[in-house]
Structures are given as C-alpha cells and as structure tokens.
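Order of listing sets the numbers, starting from 1, for every ligand and every atom in it.
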Amino acid sequence: MRNGKKNFIIDFDSTFTQVEALDVLAEISLEGHPERKDRIKKIKDITDVGMNGELNLRESLDQRLALLDAHKKDLESLVERLKKQVSKSFKRNKEFFNEHADRIFIISNGFKDFIVPIVSEYHVKPENVFANSFEFDESGKIVGYDRDNALSLNNGKVEQLRKLNLQGDVYVIGDGYTDYEIKVAGLANKFYAFTENVERENILEKADHVTPSLDEFLYINKMNTAISYPKNRINVLLLENVHPRAIEQMKHEGYNVEVYPAGLDEDELCEKIKNVSVLGIRSKTQVTARVLESANRLIAVGAFCIGTNQIDLEACLKKGVAVFNAPFSNTRSVVELAIAEIIALMRKLFDRSTFMHQGKWDKSAKGSFEIRGKSLGIIGYGNIGAQLSVLAESLGLIVYYYDVEEKLALGNARKCHSLQELLSVSDIVTLHVDGRPENKNMFGEEQFNIMRDKAIFLNLSRGHVVDIAALKANIESGKIAGAAIDVFPQEPKSNNEEFISELRTLPNTILSPHIGGSTIEAQENIANFVPNKIMDYINTGSTSNSVNFPNLQLPTLENAHRLIHIHENMPGILARINKVLADHDINIVGQYLKTNEVIGYVITDIDKEYDKEVIKALRNIEHTIKFRVLY
Ligand SMILES: NC(=O)C1=CN([C@@H]2O[C@H](COP(=O)(O)OP(=O)(O)OC[C@H]3O[C@@H](n4cnc5c(N)ncnc54)[C@H](O)[C@@H]3O)[C@@H](O)[C@H]2O)C=CC1
Ligand SMILES: O=C(O)C(=O)COP(=O)(O)O
C-alpha cells in the first residue's frame, strides 16, 4: 500500500452530512401519510440497528425503501435539505477537499442520486463516489435499487475498496460498522471514528482514533489549513453549577467540556487547571496568582456572574488570560430581592412567619411600617444601585445615593456628597458596591454609629465589605431594627457544607445563601452571554466587554490569517512585530492595537501563507506573553 500518497475514504451519512439521508427522505416522502410518525420511527430504528452491524444491509435497505414510499421528485427536496446539513467541520475545511480531490473517495451504502450533488460542491469527483443507485418505475416512484452493486451487500465497502486497488496509505473516516470493516479486512492503515454527529459505542472501541470533527483528523495528520487548532482540544472546566445552557453552547462549539457542581479550593484548582484552556466560575472560586501559575494552557476565564473580585485580574493579564463576565444579566434579580427584603424587614415578616410555624399568633402593628415616604440610601450607584433607585422610587421611597464615582441621578434620586451624609438621612441603607479589596470592612462600627436609630440595613454586594461583629452588635443593641444579608465573608463551598455565622438566630435578620442573582432568568441570561464572549475571543480575538483586556471589537476574518500577539506593554513592540513581517515579505491587510497599563494587544491580519519561521520569530520577540494564529 505504500508509495507515500494518502487516500481518504469518507463515509456519507452522519459523516459528510449530519444526518442519515434516508431518515430525511422519509420526512419528505411521507408528508401527509397517515402512518407518517410510525413509519419514520421504524425507518430510524432500522438505520440504527444496521449501523451497529446488527442487521443485514440488504434487508435493512429493502425494509426502509418499502416504508419510504418515495418518488423521484422527493429527491430534489432531499438534496436541498442535505446541502444545509453538511457537517460543520466539513464546511470549515473545504480547502482540504479541493487540495486532495484526486484522492478523496466517498464510499457509502447510501445512494449516488443524492450523494453526488452534495459532495460535488466540495470538489469531490463524481467518479470517486461509490454508492448505490435507485431504480424507478414509469411514474418516477422509487421501486428498488441496483442489486448487482456490492454496496447493497454486507462487506460491500470492503469489496469496493479491493476493486479500487488504491496505491499509498488509506485512511477511513466514518461513523458506522461498515467503515470499520475496511480496516478489519486489512485495506486501510487507520480507521477514524467520526463522532461529530453520532457516537456509536461499539465503534469507538474499535477505532484507531476517535475524531470528534474533521479538524481533529487534519490536525493529527498535520494537514490543517482552515482552522488553527481543533476545538475538541480546547478543554473547558465549568464550576459552581453554571446553567446547563452554557454547557450546551460550549459543547455545541466543539469544546471538550468538564462540569463540576461546586467550587474548588486553591489546591484543588491548582491541580485541575493544568490542562484547562477555558475556566468558568461564579462568585466563589478564587482564581489566585498561585492558581494561575499552574494554568499553562489557560486562554480565558468566564465569570458567570457580575463580580470579578474573586479573580486576580492583574495576574491574569500578566499571563495573557482574558477575563469576561456578565455585567447586566442578574442585575434585575438582585434588585427584586432587595425590594422584597426591604418590605419584609419593615413588617418583621420573617420573624412573624417563624412564630406562626411555632404556633404563636402575634397580631400587632408595633414596629411595622409602610415603605412609602421612607428614605432609602443606596451605597454604590452602579447598575444594581441605579436600577434599585428607579424601582424604589416607583414604590414611594425617597432615594439618596452615594458613589465614589460621578453618577447620573435617575428620576428624583438625590446625590449625597459623602457616605456620612447618606447614613444620616436614610431609614434604610443598602450596599451595592463592588468587591474591590479597598472595600474590605468599609462598613463597620463607625458607619453603624452614624446611621439613624432603628434603621434597616441590607448587604447584597460582597461579604467582606461589612464588619460582621459590628453588625451583630448593632442588631443586638436594637440600633439596627432589621437586616438582610445575602453575602458573607466565608461562604460554604457547596450546598452540602454547613453555614457558620455569628448572625444566625439574630432577630429580624434575613439570611439568604448568596441568591441575589439566583433566578432562572438570570442564570439563563448569563449562560447565553458569557460563552459567546469567550467563543468570540477564541474565534476572532475580539475582547469586547473583557474586564481586564484592552477592548477591541474586530471585523470578521476574510481571506486572511490573523496573528494575535499579547505582550508586556513596552515601547517598540509593534515596530518589532512589523519588522518580522517585513523581513519575511508579508503584507499586512489590517492591524489593530490597544494597550492598557500592563499589556499590549495587537491583531495583525495578513494576506498570504507564512512559513513556520515567522511564527517562531514573532513568538521570540522579547516581552511576548502569548501568541496565536487564526486561519
Ligand atoms: N448578591 C448577589 O447575588 C449579587 C451580588 N452582586 C454584587 O453587586 C456588586 C455591584 O454590582 P453592579 O451594580 O452590577 O456593579 P457596578 O460596577 O455597576 O457598580 C458598583 C458601583 O459601586 C461603586 N463603588 C465602589 N466602591 C464604592 C464605595 N466604597 N463607596 C461608594 N461607591 C462605591 C462603583 O463606583 C460603582 O458605581 C457586584 O460587584 C457584586 O459584587 C452582583 C450580582 C449578584
Ligand atoms: O453576580 C455576582 O457577582 C454574584 O454575586 C452572584 O454570584 P453567583 O453567581 O450566585 O455565585
């Protein structure tokens, strides 16, 4: 078989296309048929049994054709539908088909009638397609197939390949048992089980290599021209129970996704992160500089929440790791909880409910108030604070706010020039600052002292912002008439750990397990938002909305290669990049640069093939942190 040339034997159904063509044909030909549903199911079952090698092929074909009741004109619709369902990685790698057209063979137990029109668009030669042919009656009804064709028989692919007598190496790519048989017969060097569309357990075990996409096949055979790196090699680790939609999206993109329901501590994460390219976390997992030291393959971190104080953003920058979050996806959920808690605290609702559960009836108006006309002081007038301001005003509260930055007052909200001013005028004080380290214990004895007597206090921001001992003392003394705390300096890693806090059992104190953003809507919104940002970054280099990288929104890549260079922000790096390109006679079609205090981010689109030396030279530029190429 050896003469150095490579031949590629590719299966059609569920490999070249995402579907089994006869299943799709059934949906078309049985349109309006009274037994449609039943027959389609039967056809699918027969297909599956056959693909697993458990049913004689001819029998499977006969049975399916009888159920199909199909006509020549149905084939036109079938071809149209199949064109849209070519496997994604095949679409991405059209170049491979063009380059190797002489040596690509489609060998299928399906039918040339629909295979040829599909594969010809991918430069596959009609004479290189080996498959069955339908037979029609005078009215055009499909009544059978060419029974002399070996491909209508078991082991037909083997026989066909023998006849072809190919010179050189033979690689078989397919998802079914009949593809594997070629290898068993000694006619192929390697059988690659293709799992982009279906996975058949019994075939996976037998394959020389499992290839989740054509990208992987091309990559391991050093033939990739269309994509830089197979997506199945991008390991994603999603912690803290992120919404299934995120998992689904990232799997759909082709990533290798591992999921863990709880947070991980530093040691565990140091171990786990070694092979991870994308890490997804929520508010609990601490991504420290030490964790990042072990993270040699890390490209991006997704915070599936708003706060990013749990991530060492600067250490990420220095490592060239882009961080993304969901800045608005759970804003409304936090606001609604705050409103509910303000009303509940003003009416001592939780304590009253607890008494009722203990059989105590305590009907009284003592210490209960309407919220109408009371003053609400919002500390931190960002997205959450500002939205709370609007909703609270509509309920009749008088809103005051204080922020360290200049902020536009919404509605009739009144700006306070100092925290002291806000504390002295507010009946209710609520914290919505971010978790920056400087905010540690920003609220303690001194601030409680300034507050009005019998005021209400809420913290839905971060646990470390409030001095818990001071809060406890002020609730016990009665200075604070009620408190709602959603976030704590120490929170359990998972739902299986006990919650330990000095605040337990205090009167009129609502304790909630960090659920400000825990609504179905918020989690779904986050899961739709964050993966897209990460995928966009990986696919195009775009950093829009990144919390640590300079933000660059890039045009889509067309007929060019994109070089992505992340370096320490030093003068002269761009000039050095361009010198390397000029030295190699490479023409730049577009270039984008943005820097921040720590890094420079340069995207260069080039219009011609490059040799490995350029890549090496670009990587070797002093102060380079990370470099990658998109094709
Ligand atoms: N309980 C929960 O489940 C959730 C908690 N959060 C927390 O809420 C925080 C705020 O969220 P957003 O409003 O979306 O963030 P944001 O960044 O839009 O707003 C934070 C605001 O606080 C201000 N600020 C920071 N330190 C301050 C200080 N010491 N005094 C006064 N103002 C200060 C900032 O200037 C900014 O305007 C998040 O950072 C997160 O920690 C967010 C979502 C859910
Ligand atoms: O969005 C945030 O910052 C939150 O605090 C919510 O965190 P979570 O996703 O519930 O761990």
Write out the residue and atom name of the closest protein heavy atom to [atom], then the distance separating them to 0.1 Å.
atom	answer
atom 44 (C) of ligand 1	V334 CG2, 3.3 Å
atom 2 (C) of ligand 2	I306 N, 3.3 Å
atom 27 (C) of ligand 1	V433 CG1, 3.5 Å
atom 43 (C) of ligand 1	N330 OD1, 3.2 Å
atom 6 (C) of ligand 2	H514 NE2, 3.6 Å
atom 1 (N) of ligand 1	D486 OD2, 2.8 Å
atom 10 (O) of ligand 2	R282 NH2, 2.9 Å
atom 38 (C) of ligand 1	I306 CG2, 4.0 Å

**Q.** Any N/O pair G307/ligand 2 closer than 3.5 Å
**A.** yes
query: Does S283 reach ligand 2 with a nitrogen or oxygen that is under 3.5 Å from one of the ligand's nitrogen or oxygen atoms?
result: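 Yes; the residue has a nitrogen or oxygen that sits under 3.5 Å from a nitrogen or oxygen of the ligand.
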Going by distance alone, is a donor N or O of one side chain under 3.5 Å from an acceptor N or O of the other, for N197 and Q18?
no
Say whether R462 and ligand 2 are in contact under the criterion: heavy-atom distance to a ligand atom below 4.0 Å.
-> yes
Proximity flag G517 to ligand 2, non-hydrogen atoms under 4.0 Å: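 It does not, in that no heavy atom of G517 comes within the 4.0 Å cut-off of ligand 2.
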Heavy atoms only: which of [options] is nearest to [atom]?
atom	options	value
atom 42 (C) of ligand 1	N439, I384, N325	I384
atom 18 (O) of ligand 1	L419, L431, N383	N383
atom 39 (O) of ligand 1	L388, N459, D434	D434

* Start with the C-alpha distance between T288 and D312, add both sets of side-chain angles, then the distance that settles side-chain hydrogen bond (donor to acceptor under 3.5 Å, both in side chains), and finish with yes or no. => CA-CA 5 Å; T288 61; D312 188 332; over 6 Å; no
For [X], is the [atom1] atom crowded, meaning more than 12 foreign heavy atoms sit under 6.0 Å from it?
X	atom1	result
D453	CG	yes
K440	NZ	no
R347	CZ	no
E622	CD	no

Margin query: With a 4.0 Å cut-off on heavy atoms, is T331 in contact with ligand 1?
Written below: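 No, T331 has no heavy atom closer than 4.0 Å to ligand 1.
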Going by heavy atoms, is R436 under 4.0 Å from ligand 1?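 In this structure, R436 qualifies as a contact of ligand 1 - some heavy atom is under 4.0 Å.
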*asked:* Can you name the atoms of ligand 1, numbered from 1 with element, that are less than 4.0 Å from a heavy atom of Y402?
replied: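 Close to Y402: 30 (N), 31 (C).
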Polar contacts were defined as any N/O atom of the residue lying under 3.5 Å from an N/O atom of the ligand; does this apply to [X] and ligand 1?
X	result
D403	yes
G517	yes
M442	no
L460	yes

Report task. Below 4.0 angstrom from a heavy atom of F304, which ligand 2 atoms are there? Numbered from 1 as shown, please. Result ->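 The atoms of ligand 2 under 4.0 Å from a heavy atom of F304 are 9 (O).
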Heavy atom under 4.0 Å from ligand 1: found in [X]'s side chain, backbone, both, or neither?
X	result
H432	backbone
V404	both
N309	neither

Query - Cation-pi geometry met for K533 and F529 (6.0 Å, 45°) - result: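 Yes, a cation-pi geometry.
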Over-ring placement of R628 relative to Y537, 6.0 Å and 45° cut-offs:
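The answer is yes; both the distance and angle limits are met.
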Quick one: does ligand 2 sit under 4.0 Å from the side chain of N330, the backbone, both or neither, non-hydrogen atoms only?
->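 Looking at N330 and ligand 2, just side chain atoms fall under 4.0 Å.
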*Passing candidate, ring-ring contact (aromatic ring centres under 6.0 Å, His included) with Y381, options Y400, Y402, Y401*: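 Considering Y400, Y402, Y401, a ring-ring contact (aromatic ring centres under 6.0 Å, His included) with Y381 is found only for Y401.
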Between E253 and M535, is there a donor-acceptor pair closer than 3.5 Å when you use the side chain of the first and the backbone of the second? no
Next on the checklist: Do the side chains of K251 and E248 get close enough for a salt bridge, i.e. N-O under 4.0 angstrom?
Outcome noted: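 The answer is no: the pair does not qualify as a salt bridge.
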Item checked: Test side chain to side chain contact (heavy atoms under 4.5 Å, CB included) applied to I485 and V466, L458, L511, the passing residue ->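 Answer to the side chain to side chain contact (heavy atoms under 4.5 Å, CB included) test with I485 among V466, L458, L511: L511.
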